[in-house]
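Worksheet: one structure, shown below.
Hydrogens, waters and symmetry mates are skipped; everything else that's a heavy atom, side chains included, is used. These numbers were taken from a predicted model, which means no experiment stands behind them. For the single chain, residues carry numbers from 1 onward in sequence order.
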Amino acid sequence: YPALRNCKIVYTTIGRDDELPENFRELLRIFEIDDDRLVRLERVTKLHDCYLADECFGAERSERWFTPEYREVIRYICQKCTDDRSATPSSSKIYLSRRAWRSGWVSGEFGEQYLERAFQGAGFEVVHPEQVPFREFVWKLQHATVVAATECSSSHNAVFMPKDTT
């Protein structure tokens, strides 16, 4: 991605002491963006040049759509995450749990431990996305045949799954 080669990446977080999660840093490294190019905005800042990503997905009349550029980024990420992980075993059935998730005043989901037990009993591997290195997480999604998640951000990871995954 040549457009990203020589630019700084500015970001902000919700909490004053929040740091970028390691999984997000790992995603940026896939695009050769190291920590030394990250600039955290902590106050109003004037930027010389600023490039914002355009809309890349949406929904109209119950149909979801993705731009070709977005599809290419996802394809690139999947390729980078599966190139060096072909020998790693993975479950064919995965449940994406939110029990380990923490953000400010919210932690986990109510009753998540019961869902985990139910899915484990049905032969699913319980995966806590925030505790798995990003590349390994995408590899798991690429090699699963069934992935279950609640209606939260975990389900958005479906973009990394092959089309024939349930």
Side-chain angles (χ1 to χ4, degrees), residues 9 11-35 38 40 53 55-67 69-166:
I9 306 296
Y11 70 96
T12 188
T13 59
I14 294 172
R16 179 162 284 246
D17 297 325
D18 289 348
E19 291 294 324
L20 284 179
E22 180 55 33
N23 280 355
F24 190 71
R25 291 176 189 273
E26 190 176 356
L27 170 62
L28 292 175
R29 285 192 291 272
I30 288 172
F31 293 96
E32 300 177 10
I33 299 170
D34 294 317
D35 287 355
L38 301 177
R40 181 178 173 179
E55 186 174 41
C56 57
F57 63 92
E60 294 175 16
R61 296 187 208 125
S62 301
E63 281 190 42
R64 293 189 173 95
W65 54 267
F66 302 97
T67 64
E69 295 84 1
Y70 181 78
R71 289 180 191 275
E72 173 55 24
V73 167
I74 297 301
R75 188 205 61 75
Y76 181 81
I77 291 169
C78 290
Q79 177 208 336
K80 290 292 191 176
C81 292
T82 56
D83 281 352
D84 58 352
R85 307 233 13 113
S86 59
T88 304
S90 182
S91 296
S92 64
K93 299 189 318 186
I94 294 173
Y95 171 64
L96 302 178
S97 174
R98 289 179 48 95
R99 190 154 63 114
W101 180 74
R102 305 270 186 273
S103 177
W105 62 91
V106 179
S107 75
E109 291 288 328
F110 180 74
E112 188 73 19
Q113 69 272 23
Y114 303 113
L115 288 172
E116 284 185 5
R117 273 190 258 153
F119 278 104
Q120 282 174 329
F124 281 71
E125 174 189 358
V126 174
V127 174
H128 301 99
E130 57 282 321
Q131 295 179 341
V132 180
F134 182 77
R135 288 175 188 259
E136 181 179 341
F137 178 64
V138 172
W139 194 92
K140 285 177 175 290
L141 293 175
Q142 284 283 296
H143 291 84
T145 55
V146 177
V147 178
T150 56
E151 79 291 344
C152 59
S153 58
S154 289
S155 61
H156 297 157
N157 290 300
V159 298
F160 298 118
M161 297 170 7
K163 288 184 178 183
D164 58 346
T165 305
T166 305

- Item | Student check: side-chain heavy atoms of N157 and V147 closer than 4.5 Å | no
- Item | Side-chain heavy atoms of E72 within contact of E69, under 4.5 Å | no
- Message: Looking at R25 and L20, would you say the former's side chain and the latter's main chain have a donor-acceptor pair under 3.5 Å?
- Response: yes
- Query: Could you give the distance from OH (Y76) to CD1 (I30), rounded to the nearest 0.5 Å?
  - Reply: 8.0 Å
- Mark yes or no for whether T145, through its side chain, and S92, through its backbone, hold a donor-acceptor pair below 3.5 Å. yes
- Task: Say whether, by atom type as modelled, one donor and one acceptor occur between the side chain of K140 and the main chain of V132 under 3.5 angstrom.
- Result: no
- What's the shortest heavy-atom distance between C81 and W139, and which atoms? O-CD1, 3.6 Å
- Looking only at heavy atoms, what is the nearest atom pair of S97 and P129, with distance? O-CD, 3.4 Å
- Task: Return yes when atom CZ of F66 has more than 12 non-hydrogen atoms of other residues, nucleotides or ligands closer than 6.0 Å, and no otherwise.
- Result: yes
- Query: Going through the checks in order, is the side chain to side chain donor-acceptor pair (under 3.5 Å) test met by E116 and H128?
  - Reply: CA-CA 10 Å; E116 284 185 5; H128 301 99; 2.9 Å; yes
- Query: Do F119 and Y95 have their ring centres less than 6.0 Å from each other?
  - Reply: yes
- Note on the structure: dist C56:SG -> R71:CZ (nearest 0.5 Å) comes out at 11.0 Å
- Which atoms form the tightest heavy-atom contact between P133 and N23, and what is the distance? CA-OD1, 3.6 Å
- Item | E26 with R29: basic N within carboxylate O range, under 4.0 Å | no
- Item | Distance in Å, E125 CD paired with Q120 CD, rounded so as to fall on 0.5 Å steps | 9.5 Å
- Task: Any chance you could measure R75, atom CZ, to K80, atom NZ, to the nearest 0.5 Å?
- Result: 10.0 Å
- Going through the checks in order, is the ring-ring contact (aromatic ring centres under 6.0 Å, His included) test met by F160 and F137? CA-CA 9 Å; F160 298 118; F137 178 64; 7.4 Å; no
- In Å, rounded to the nearest 0.5 Å, how long is the span from CD of Q142 to CD of Q79? 10.5 Å
- Task: To the nearest 0.5 Å, tell me how far H156 NE2 sits from L96 CG.
- Result: 12.0 Å
